[in-house]
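Comments concern the structure below.
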Amino acid sequence: MIENFNGNDNGGKGLFSVKLPSSHVGGVVFSLSALLIFIVAAIMQGILSACGVEKNTDLFTYLNYLVAPIAIVPAISFVLYYKKIKFKTIFPVRCHPKYYLIAITLIFGLLFFAAHADLPFIELFKALGYQQREPSDYFPDLSGGHIVLALLIIAVMPAVVEETLFRGIILNTCEDSLGTVRTIFIVGFSFALFHASPEQTVYQFIAGCAFAFLALRSGSILPSVLMHFINNALIIVFKACGLFDSGGNLILSDLAFILITVFAGLAFIGSVVWLILDKKPLKKAKSGGVKWFFAFASIGVLLMSINWISSFFMPL
């Protein structure tokens, strides 16, 4: 998205005073965000325990959703300040209107087609002892006007903050050295690991890659922000309207399920092909880009892997 991105003003010198590919900046912000999430979560848990707030309350649920944004914002701010990166370079907004149409078509395909990729892995995880969270654990009270607060905290805030992290600073600092294709998969991997949700890992990886592909092709972060918001908002609305069964599955007749899945599959494949056929050239990878990303992202990868494993055996 940004040509020849260089995230600092000291001739490309990084934290070790050697010339590093720009992907190291993405690794730094990923690790810092993960570290702050653990710190914020620990502090918040201590406060909630001291105040006697139980896990099944709306307050606990909302604060749990706020942990990531509270951690990500200062992590991004620090890296932007330290590396002297202008916010507009990692939050580009202008793009052709067609990419918003692709965004809507693609998220329909992701939600109602690609999400089914999780199912065989869920069954495998269950066979290995994974205890899947109850669907109700994800949601606060959604009755009446409460849905507005839920949409704000669970849909709007993550759509803006997480997209700024993954399809903003990580994507923009990685593409020049990792190349377009590797960047898409790195961002998808980081996005899935960051959420530490075993039952949704495959879908989140696919979605993370799709969001990144759209952001790179459009040259704007807004289409992926829109997709992220629609993804979360639809789930909230469906839950508020009682459209999920006890297992968290959308209540549909067999015919409706088949039709929606088929059309969603066509929408997903069509959107991806549309993006592939875009005339914008793909950037080639440079030597050392992947190595330096993971060198600086290693702390974040370790922490979020621990979080993923703990979620596997001890779901919240």
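No more than 12 heavy atoms of other residues, nucleotides or ligands sit less than 6.0 Å from atom CD1 of I299. Under a cut-off of 6.0 angstrom, the local environment of CZ in F263 is sparse, with at most 12 non-hydrogen atoms contributed by other residues, nucleotides or ligands. At most 12 non-hydrogen atoms from other residues, nucleotides or ligands lie less than 6.0 angstrom from CZ of F121.
Atom NZ of residue K284 and atom CG of residue D176 lie 14.0 Å apart, to the nearest 0.5 angstrom.
In this structure, F189 has its ring center at least 6.0 angstrom away from the ring center of F185. Proximity of the aromatic rings of H116 and F257 is defined here by a centroid distance below 6.0 angstrom, and this criterion is met.
Between F244 and F238, the angle of the ring planes goes over 60°, which puts this pair in the perpendicular group of the 30/60° scheme. Under the 30°/60° scheme for interplanar angles, the aromatic rings of F211 and H228 are found to be tilted. Ring geometry for F113 against F268 counts as tilted: the plane angle lies between 30° and 60°, on a 0 to 90° scale.
Q200 is not listed as a side-chain neighbour of H195, based on a closest heavy-atom distance of 4.5 Å or more.
Under the side-chain contact (heavy atoms from CB on, under 4.5 Å) test applied with I221, the options S224, P223, S218 reduce to a single match, S224. Looking at E175, R167, K283 one by one, the single match for side-chain contact (heavy atoms from CB on, under 4.5 Å) with L216 turns out to be E175.
T201 and W308 form a side-chain donor-acceptor contact under 3.5 Å, judged by distance and modelled atom types alone. In the model, Y65 has no side-chain atom that pairs as donor or acceptor with a side-chain atom of N232 under 3.5 Å.
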Report task. Go through the steps to decide whether N64 and Y138 satisfy the test side chain to side chain donor-acceptor pair (under 3.5 Å), and finish with yes or no. Result -> CA-CA 10 Å; N64 190 49; Y138 291 98; over 6 Å; no
Review item, side-chain donor-acceptor pairs of residues 26-37, under 3.5 Å, at least two apart:
{"unit_1": "S31", "atom_1": "OG", "unit_2": "G27", "atom_2": "O", "d": "3.4"}
{"unit_1": "S31", "atom_1": "OG", "unit_2": "F296", "atom_2": "O", "d": "2.6"}
{"unit_1": "S31", "atom_1": "OG", "unit_2": "A297", "atom_2": "O", "d": "3.3"}
{"unit_1": "S31", "atom_1": "OG", "unit_2": "G300", "atom_2": "N", "d": "3.0"}
{"unit_1": "S33", "atom_1": "OG", "unit_2": "V29", "atom_2": "O", "d": "2.8"}

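Summarising the hydrophobic clusters (Ile, Leu, Val, Met, Phe, Trp, Tyr; side-chain heavy atoms under 4.5 Å, direct or chained), the residues clustered with I306 are L302.
Under the 4.5 Å side-chain heavy-atom criterion for ILVMFWY residues, a single connected hydrophobic cluster contains both F78 and I90. F87 and L165 fall within the same hydrophobic cluster, where Ile, Leu, Val, Met, Phe, Trp and Tyr residues are linked whenever their side-chain heavy atoms come under 4.5 Å apart, directly or through other members.
For residues 249-272, the set of pairs meeting the side-chain hydrogen bond (donor to acceptor under 3.5 Å, both in side chains) definition, not counting sequence neighbours, is empty.
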